There are 2 protein chains.
Amino acid sequence: MQRVTIADVARRAGVSTATVSRALSGGRKVSADVADRVREAAQELGYAVNPIARALRVSRTDTVGMVVPSIRNPFFTALVESVEHALGADGKELLLCDAQSDPVTEARRLDALVTRNVDGIIVSPCHGTDSTPAVQRTAERLPLVQLDRFVGGTSTDWVGVDDIAAMRAVVEHVREGGARSAAYLGARLTNSSSELRHAGFLRHAEELDLETGPQWTLLGDYSVEWGERAVGLLADSGRLPEALVCADDLIALGAVRACRTRGITVPDRMQVTGFDNIEFTRLAEPPLTTVDQPTRRIADEAVRLLADAAGDGPAARDAAHVALVPKLVVRDSTRTG
Amino acid sequence: MQRVTIADVARRAGVSTATVSRALSGGRKVSADVADRVREAAQELGYAVNPIARALRVSRTDTVGMVVPSIRNPFFTALVESVEHALGADGKELLLCDAQSDPVTEARRLDALVTRNVDGIIVSPCHGTDSTPAVQRTAERLPLVQLDRFVGGTSTDWVGVDDIAAMRAVVEHVREGGARSAAYLGARLTNSSSELRHAGFLRHAEELDLETGPQWTLLGDYSVEWGERAVGLLADSGRLPEALVCADDLIALGAVRACRTRGITVPDRMQVTGFDNIEFTRLAEPPLTTVDQPTRRIADEAVRLLADAAGDGPAARDAAHVALVPKLVVRDSTRTG
DNA sequence: CGCGGAGAGGTAAACGATTGCAGCGGGTAA
DNA sequence: TTACCCGCTGCAATCGTTTACCTCTCCGCG
């Protein structure tokens, strides 16, 4: 499979393999003419270094692993794309895994990545507590940074957005739009961002005197279907609030759709907000007001942290928590002024 | 990083490394008690085989590479997920690359995958001719199967849908819905599926006496923006057709949206169809009639072909072209009866 | 009693790169 | 002239497995 080896190049250039290696990867000085000869020979033979052999020797693969809860969720897709982009600059490759929203497969993926000697791992854990052991164990062996969500009981690098601040912006906005009450359509509080967004909503709703209530707090999962169903539950249960604050865009898309089919006008009778700013929020009817996640920034920070951590051993530094402040994107699913 | 090696296990179990290897990977018979001792020792030490060393030795990585034009396109995301799923069954890993719709990066990605000794490559080439050299070169060195699209001038395995048949179903459907004329909103004919869908549309439109015309054939790229813009062009240019047949769902979503904003009612004044059946077609207003791509089947076939090809050398077999017949999914953006 | 064959285990050579160490000129200082 | 240093090279070890080949033992059979 790997046709031409360093020995072939060495033979052709009339030098030793050591010299070839040094000439090509520039480990140490090589005289100019020898270097030229080597480069030429390599060129002619079409030599390319075998990354497997190199990896075995130097135990570095120039590959980072990434594990996301679900590749179907466009938010994570955007994140993946951004990470890929950021890594490209460093000449690193991405090994992508999908945890299928299941801590068990997630753990399996993480282990696989570790034994594959990736240089670092970027993970958005799917569960706030069930994911802890695997993440912990992995972080002890490799540089690891958590993205967007983080698990309890570990101290690793993390980068994401300030969910509380984001929710403040959302609540203020619907309040200004005239809403006096709001329901929260979220996901079960099994991970950090679900918790924080929920907490942020409650806190700021209270502060800003927005009526809420337990019967107006519906927790399911991050999916369009849940958004639709939640609105059904709400409608069946009596009084409707004046706003629906959703924990992510999928839920919000479902909610908007359900409102339409039930003749609840958005935003006049009901304001709806999302979270993440995935591409399709633009296309909803009406286009969705949502919170923009700066995936580019998040990814950049993550690979920076990973690179930093690669210098020191794992867990040699204090963990960094980078929380970016996201911006509200106002569209037509809420009222302005 | 890789703490415990096969030698440690051997020492602990009081046998040679060869025996350990045989006991664990079952290459040859090992007496039961020795096997037990080895397994136990491995267990206690927490031994896991180093895939890098193994790969170097056997030149097989249990990894397949996949290159998609754009990970942002939900259709490819779905494909990736399906491939990942299909590979999981074989205990293989997926190395995912995004070509960013650029043949140059695509070529770079392919080369990177080759030197990384992946066992096979699944690629959906981004360009029908510019992608040829890289795909060709790669296919000569590794099992390779093209997905969805294929490039000209090579003979590799391919699996996708029968675009012509799909278009026949689409055209028949809008015809039955009463449309006497239709525009085609597609992508520039730089790849096979763009070409085939376009050709299929024209052929069957003619057969079924659906009026078309050059001014009603608008070619851009696979994006929502293009769909919106194309409708604008159409509207500005005079007479409107009675149907818009779109080359993919993104274009169709844009088209539907543009119709709405211009007061062109869908499906009464204008029928619109998509292609791919991405998740968000359900959410459009109205929900989109589209062609369902059986991504699961496609992925299964692809990994099967890859596995077959791994047995023989590359290019030892005749290439297989597997075209699945997709189903039309009728929703509310077209008229029925 | 000898021989052949099977079954189990060990020895050591790969796989293809990187790199510590040593050798070897040649230049410089004493 | 000698001693030393410095800059290039080459030798060979090394990373952790797998596997071809060899050895040893045991058993059955003629």
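None of the values given here were measured: they were computed from a predicted structure. Below, chain A is the first sequence line, B the second, and so on; all start at residue 1.
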*Indicate for each nucleotide in nucleotides 19-26 of chain D, in 5' to 3' sequence, whether protein heavy atoms under 4.0 Å reach the base (B), only the sugar-phosphate (S), or nothing (-).*
BBB-----

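- In the set D/dC11, C/dT11, D/dG16, the nucleotide with an atom closest to the side chain of B/Ala53 is D/dG16.
- Residues A/Thr61 and A/Asp119 bring a donor and an acceptor atom of their side chains to less than 3.5 Å of each other.
- Within the structure, every side-chain polar atom (N or O) of A/Thr5 is placed at least 4.0 Å from both OP1 and OP2 of C/dG16.
- A donor-acceptor pair is defined here as one N or O able to donate and one able to accept, closer than 3.5 Å; no such pair exists between the side chain of B/Thr19 and the backbone of B/Val15.
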*Test B/Arg60 against B/Asp62 for salt bridge (charged side-chain N to carboxylate O under 4.0 Å, His left out), laying out the working first.*
CA-CA 6 Å; B/Arg60 192 167 41 74; B/Asp62 290 329; 3.0 Å; yes

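- Here the P atom of nucleotide D/dG16 and the CG atom of B/Leu45 are 14 Å apart, to the nearest Å.
- The NZ atom of A/Lys29 sits 17 Å away from the P atom of D/dG10 (whole-angstrom rounding).
- Going from atom CG of A/Leu56 over to atom P of C/dA14 covers 17 Å, rounded to whole Å.
- Straight-line distance from the CG atom of B/Asn50 to the P atom of D/dT14: 18 Å, rounded to whole Å.
- A straight line from CD1 of B/Ile6 to P of D/dC15 spans 14 Å, rounded to a whole angstrom.
- Remark: side-chain polar atoms of B/Thr105 are paired, donor with acceptor, to backbone N or O of B/Asp102 under 3.5 angstrom.
- Judged by closest nucleotide on DNA chain C, B/Val15 is the one of B/Val15 and A/Ala7 placed further toward the 5' end.
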*Evaluate the criterion side chain to side chain contact (heavy atoms under 4.5 Å, CB included) for residue pair B/Ile122 and B/Val83; output intermediate values, then yes/no.*
CA-CA 9 Å; B/Ile122 296 177; B/Val83 168; 3.9 Å; yes

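- Between the C1' atom of C/dT19 and the CZ atom of A/Arg54 lies a distance of 13 Å, rounded to the nearest Å.
- Between B/Arg11 atom CZ and C/dG10 atom C1' the separation is 16 Å, expressed in whole Å.
- Straight-line distance from the OH atom of B/Tyr47 to the C1' atom of D/dT17: 7 Å, rounded to whole Å.
- With respect to the salt-bridge test (charged N to carboxylate O, under 4.0 angstrom), the residues B/Asp308 and B/Arg304 qualify.
- What you find for A/Ser124 and A/Asp148 is that their closest heavy atoms are OG-CB, 3.9 Å.
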